[in-house]
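Have a look at the structure below, then the notes.
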Amino acid sequence: MIRKTSLFIVLTAVASALASPLAAQAPAAPDLAKAKGIVTTVCAACHGVDGNSAASINPNLAGQGADYITRQLQHFRSGVRANAIMQGMAATLTPADMVALGIYFAQQQPKPLTARDATLAKAGQALYRAGDTTNAVPACSACHLPNGVGVPKNFPRVAGQHADYTYAQLKAYKAGERGNDKDGVDVNGKIMRAIAARMDDAQMKALADYTAGLR
């Protein structure tokens with residue numbers, strides 16, 4: 001009886017040791033209820049409860065790729081992407097919070113916008129679809145797709161984004177204020193920095209106006 005009991009204890013301990021790593025590796029389900037609470041109390045002031053920002057200088061996050069949002073929050077937290085307000089916000093978030101927030105905003109319905117200037121939008125359309133071969137600016141649709149929905153994690157949704165925000169970001173890339181990390185973390189940011197460096201101000205404004213109304 002003693003031997004059988006000892007053997008049972010040993011086998012139980014072994015089974016527990018083997019099961020624990022597997023259990024530890026199982027990812028927890030995203031806490032979307034908590035994410036909504038964070039959005040309501042923190043994010044909504046700039047981005048809206050539903051991810052549609054009322055201020056054109058703040059980005060719309062509704063319908064944005066979940067992985068892309070999570071990665072940007074990580075970049076704000078680490079300082080790869082510099083923004084005093086967002087760095088402060090991201091500093092309070094856990095990795096799980098960032099994942100859940102990405103999913104929450106991705107599930108929201110973006111509200112359509114329209115281009116403000118027909119002439120600008122036409123020039124922006126040409127640049128978006130075909131690029132500028134003279135200055136080695138590739139077609140934006142190659143990475144952000146023809147309808148502007150982007151590729152989650154790597155390339156953001158640009159369709160329906162505020163023109164003022166898009167223009168400001170293109171200028172930031174051109175000035176080296178974005179995509180300039182030295183550790184190779186923001187690879188896609190560096191790509192955009194190189195592309196924006198070849199664009200002039202008129203092209204950036206045209207592109208921003210066109211993508212605002214892109215569907």
Run the side chain to side chain contact (heavy atoms under 4.5 Å, CB included) test on Arg77 and Met98 for me, step by step, so that the C-alpha distance in whole Å, both residues' side-chain angles and the decisive distance to 0.1 Å come before the verdict.
CA-CA 10 Å; Arg77 183 183 175 90; Met98 296 180 190; 3.3 Å; yes
Which residues satisfy the salt bridge (Lys or Arg N to Asp or Glu O under 4.0 Å) test with [X], sequence neighbours excluded?
{"X": "Lys171", "answer": "none"}
{"X": "Asp117", "answer": "none"}
{"X": "Asp97", "answer": "Lys34"}

Heavy-atom closest contact ([X] atom, [Y] atom, distance):
{"X": "Gly184", "Y": "Val187", "result": "O-CG2, 3.3 Å"}
{"X": "Ala62", "Y": "Pro110", "result": "O-CB, 3.5 Å"}
{"X": "Leu214", "Y": "Ala159", "result": "O-CB, 3.3 Å"}

For the side chain of [X] and the backbone of [Y], is there at least one donor-acceptor N/O pair under 3.5 Å apart?
{"X": "Asp183", "Y": "Val185", "result": "no"}
{"X": "Gln125", "Y": "Ala121", "result": "no"}
{"X": "Thr166", "Y": "Ala163", "result": "no"}

The complete set of side-chain hydrogen bond (donor to acceptor under 3.5 Å, both in side chains) pairs with one or both residues in residues 52-62, sequence neighbours excluded, reads Asp50-Asn52, Ser56-Asp164, Asn60-His162
Any side-chain hydrogen bond (donor to acceptor under 3.5 Å, both in side chains) pairs touching residues 144-158, not counting sequence neighbours?
Asn154-Asn188
What residues join Leu120 in its hydrophobic cluster, counting side-chain heavy atom gaps under 4.5 Å, either direct or through other members?
none
Residues forming a side chain to side chain contact (heavy atoms under 4.5 Å, CB included) with Ala106, sequence neighbours excluded:
Ala66
Contacts of Val39 meeting side chain to side chain contact (heavy atoms under 4.5 Å, CB included) (sequence neighbours excluded), chain-then-number -> Cys43, Leu101, Tyr104, Phe105
Could you walk me through whether Arg178 and Gln169 pass the side chain to side chain donor-acceptor pair (under 3.5 Å) check?
CA-CA 8 Å; Arg178 279 195 67 176; Gln169 297 312 299; 2.8 Å; yes
Any chance you could measure Phe76, atom CZ, to Leu93, atom CG, to the nearest 0.5 Å?
11.5 Å
In Å and rounded to the nearest 0.5 Å, what is the CD to OG distance from Gln87 to Ser78?
8.5 Å
Please list all pairs passing the salt bridge (charged side-chain N to carboxylate O under 4.0 Å, His left out) test where one or both residues lie in residues 61-71, with sequence neighbours left out.
none
If a pair satisfies salt bridge (charged side-chain N to carboxylate O under 4.0 Å, His left out) and one of its residues is in residues 204-215, list it, with sequence neighbours excluded.
Arg116-Asp209, Asp201-Lys205
Same cluster or not: are [X] and [Y] linked, directly or through other Ile, Leu, Val, Met, Phe, Trp or Tyr residues, by side-chain heavy atoms under 4.5 angstrom apart?
{"X": "Val137", "Y": "Val158", "answer": "yes"}
{"X": "Leu73", "Y": "Ile38", "answer": "yes"}
{"X": "Ile85", "Y": "Leu61", "answer": "yes"}
{"X": "Tyr173", "Y": "Ile57", "answer": "no"}
{"X": "Ile69", "Y": "Ile103", "answer": "no"}

Please name all residues satisfying ring pair (Phe, Tyr, Trp, His ring centres under 6.0 Å) with Tyr128, sequence neighbours left out, ordered by chain then number.
Tyr210
Do the side chains of [Y] and [X] get nearer than 4.5 Å, heavy atoms only?
{"X": "Pro152", "Y": "Tyr68", "answer": "no"}
{"X": "Leu207", "Y": "Gln203", "answer": "no"}
{"X": "Pro156", "Y": "Gln64", "answer": "yes"}

Tell me, with the steps shown, if Gln107 and Leu32 meet side chain to side chain contact (heavy atoms under 4.5 Å, CB included).
CA-CA 11 Å; Gln107 293 178 348; Leu32 296 185; 3.9 Å; yes
Please tabulate, for the side chains in residues 189-199, all donor-acceptor contacts under 3.5 angstrom to protein atoms that are two or more places apart in sequence or on a different chain.
from, atom 1, to, atom 2, distance (Å)
Lys190, NZ, Asp181, O, 2.9
Arg198, NH1, Ala136, O, 3.0

Please report the C-alpha distance between His75 and Asp186 in whole Å, then the side-chain angles of each, then the deciding distance to 0.1 Å, and finally whether the side chain to side chain contact (heavy atoms under 4.5 Å, CB included) criterion is met.
CA-CA 8 Å; His75 286 179; Asp186 189 12; 3.8 Å; yes
